[in-house]
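Each remark here refers to the structure printed beneath this line.
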Amino acid sequence: MAATEKGAQTRSVAAKVVTAVHLDTSLQIERCKAGRKAKPIVSFLRDFRFVSTSSYAKLEFKRAWLQRLAYLYSLSGQVKTIGELSGVLADKLGSHPLHRRQLSTCLQAIEAFLLPTNDKISEAVQLTRMRAHLRVAVLNAYSWWEASVTHEYNGTNCIRASERPRISGGGKLDVSIPKCRRNAIRCRIHSFLQDNREHLRAIKAEIDRLGSNASDELKGARAVLDIFEDDAEKMCQDDICVKLGDILVAIDGINIESFAANNDKEWVPLARALQKHLLNPLRLQNCESLQQPGG
Amino acid sequence: MITKDSMTGGAVDMAGFVSSLTEAGTNIVPGTTKGNVPGRKARSTNATLGADEEAPQLVPSRAGTQYASAPRGLDKALLRRAVTILESFDSHDVVATQLDMDALRGLVVELWESAQSATQLHQDILALIEEAVLSVTSLSQAQILALKEGFRDLANPILVQVHVDLIRDRLIAQGFSPLALLSELADDGSN
């Protein structure tokens, strides 16, 4: 009984303190899923008055999900049945180890579309239906994303994140992400990082402290931060800035008191370095110590 | 473009078709043979009206105006049935809710057969509706209203992109996601 009262008190205090939360890409992706999977996050976020994310998270979402779905849409326009599509996919992606993840996502997407129909409709109609769902998902994802948060920080002013998926001439989906080069700077990433040097130092120190226990992604980011110390404008290159993904998302929300993410390997060190609460509604679903507004 | 279908009670209503397009801003262009109206297949003959290849055709007057009419509409009986189910939906009755949701999901799947020959805009709205009904186990009153509007739009032979955008916005506002059907994908937010 005493323990329950103490827990309740903790939650009450937390409710007064934590009213704003900054979301990583991982949670945004979970949120856009169907009811059962999104429910823990939706109910977790219900009592926050301010929910933010970063435009850089949107870029990651575009790259990781929307581009793959658009690729599937493109291939599905070249075949007559979904069975044929699976074969084309395996031919195009199956032989290259680097493409294994893309192939896996595409095959899972096909399965997801087929499951609810349970062979009730013809193969040609199944293909039409899948193409419509892919088109709707890709073209409307940004609208969903923007409606899902109170505010999207855009400290990097990433032009590639701001370009919405669209239908181009000939009915093709355009989800392209242009290359960035330092001789044609169109974003503010270098000045953004310069303005946040102090936070970058704290992150570097935390990664160093973790040593070999740091995730591969953080180790890669650590190397990029060294490059930044030498030449800030080197950051204005897409194959460089991509390695700082989680760091950019985190620093974009530096004014928010709490972070929420579902990939602890990167976000526990980031939250510690930046002295933020880290909330993971998926990991803490069954954990009594969850501190969130309204408990 | 006036078709046999429109004269025989098919999906394209002649009067509505002409007036709607005229209101949307169209020009009559003589001598155009086919392909002027996006999303509509050209019909080579129209015996009922005696139209020929030189008959005036309707084309959009504003560049970039995206509209389309259904060459064949979605199954009207199924659409009416869906609206009826939504109108009598009782979220307090667990058994009835389950049955109504199953019926709605089944109807939406059936609608894809007739959507096969409908416009892309009709297909997009049907996909948005399907994402919604497949992603929840019950519906709130506001969600029911949004879905009813979607089904009613699907009965409209002529849709413009704004119809899709409005339904999308209403469904998103009611907590639905246009990516919900991808729930079975791995949790992969990485590159």
Side-chain angles (χ1 to χ4, degrees), chain A residues 24-38 42 57 60-61 63-66 68-69 101 104-105 108-109 111-113 115-118 120-122 124-126 128-141 143-144 146-148 167 171 217 242 245 262-263 282, chain B residues 38-39 66 101-102 105-139 143 161 164-191:
Chain A
D24 172 43
T25 323
S26 55
L27 279 192
Q28 279 292 82
I29 286 177
E30 288 301 309
R31 281 179 83 190
C32 72
K33 293 181 173 179
R36 184 173 51 86
K37 293 205 170 182
V42 171
E60 290 185 331
F61 174 67
R63 186 187 294 117
W65 273 52
L66 301 188
R68 290 179 198 179
L69 296 178
R101 201 178 245 174
S104 165
T105 307
Q108 286 170 33
E111 196 184 340
F113 288 120
L115 275 177
T117 65
N118 202 18
K120 287 177 204 152
I121 51 179
S122 69
V125 176
Q126 277 180 347
T128 302
R129 175 178 169 273
M130 191 184 81
R131 281 177 61 76
H133 276 285
L134 287 169
R135 192 169 57 239
V136 159
V138 171
L139 292 177
N140 298 305
S143 298
W144 172 82
E146 287 150 8
S148 71
I167 287 270
E217 201 173 316
V242 71
N262 187 33
N263 43 345
L282 296 177
Chain B
Q66 190 181 358
M101 289 304 296
D102 283 350
R105 292 181 193 124
L107 280 169
V108 170
V109 171
E110 278 185 79
L111 277 168
W112 279 106
E113 288 288 352
S114 50
Q116 172 80 348
S117 55
T119 68
Q120 196 163 292
L121 297 174
H122 285 81
Q123 291 170 3
D124 287 357
I125 290 183
L126 184 58
L128 284 165
I129 289 175
E130 188 172 35
E131 298 272 0
V133 298
L134 287 175
S135 65
V136 291
T137 52
S138 185
L139 296 168
Q143 288 172 332
Q161 183 60 43
V164 182
D165 294 345
L166 286 173
I167 292 296
R168 175 203 64 208
D169 289 348
R170 282 199 72 171
L171 292 174
I172 287 175
Q174 293 309 319
F176 294 118
S177 155
L179 293 110
L181 214 57
L182 305 173
S183 291
E184 302 309 317
L185 266 68
D187 302 336
D188 180 9
S190 61
N191 305 320

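Bear in mind that the values here come from a model prediction, so they are computed numbers and not experimental data. Residue numbers begin at 1 in each chain, while the letters A, B, ... track the order of the sequences.
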What I'd like to find out is whether the side chain of B:V164 reaches to under 4.5 Å of the side chain of A:V136, using heavy atoms alone. no
Closest non-hydrogen atoms of B:Q120 and A:I167, given as atom of the first, atom of the second and distance, are NE2-CD1, 4.3 Å
Interatomic spacing from NE2 in A:H133 to CG in B:L179 - rounded to 0.5 Å: 11.5 Å
Heavy-atom contact with chain B under 4.5 Å, split by part of A:L27: neither
At their closest point, which heavy atom of A:V125 faces which heavy atom of B:Q116, and how far apart are they? CA-OE1, 3.6 Å
Shortest non-hydrogen separation from A:C32 to B:S177 and the atoms involved: O-OG, 2.6 Å
Closest non-hydrogen contact found for A:W144 with B:F176 is CD1-O, 3.9 Å
Okay, A:A57 and chain B: the region with an atom under 4.5 Å from a heavy atom over there is neither
Can you give me the closest heavy-atom contact between A:N140 and B:I172, atom names plus distance? O-CD1, 4.4 Å
Find the one option among A:A147, A:G171, A:S143 whose heavy-atom pairs under 4.5 Å with chain B are most numerous. A:S143
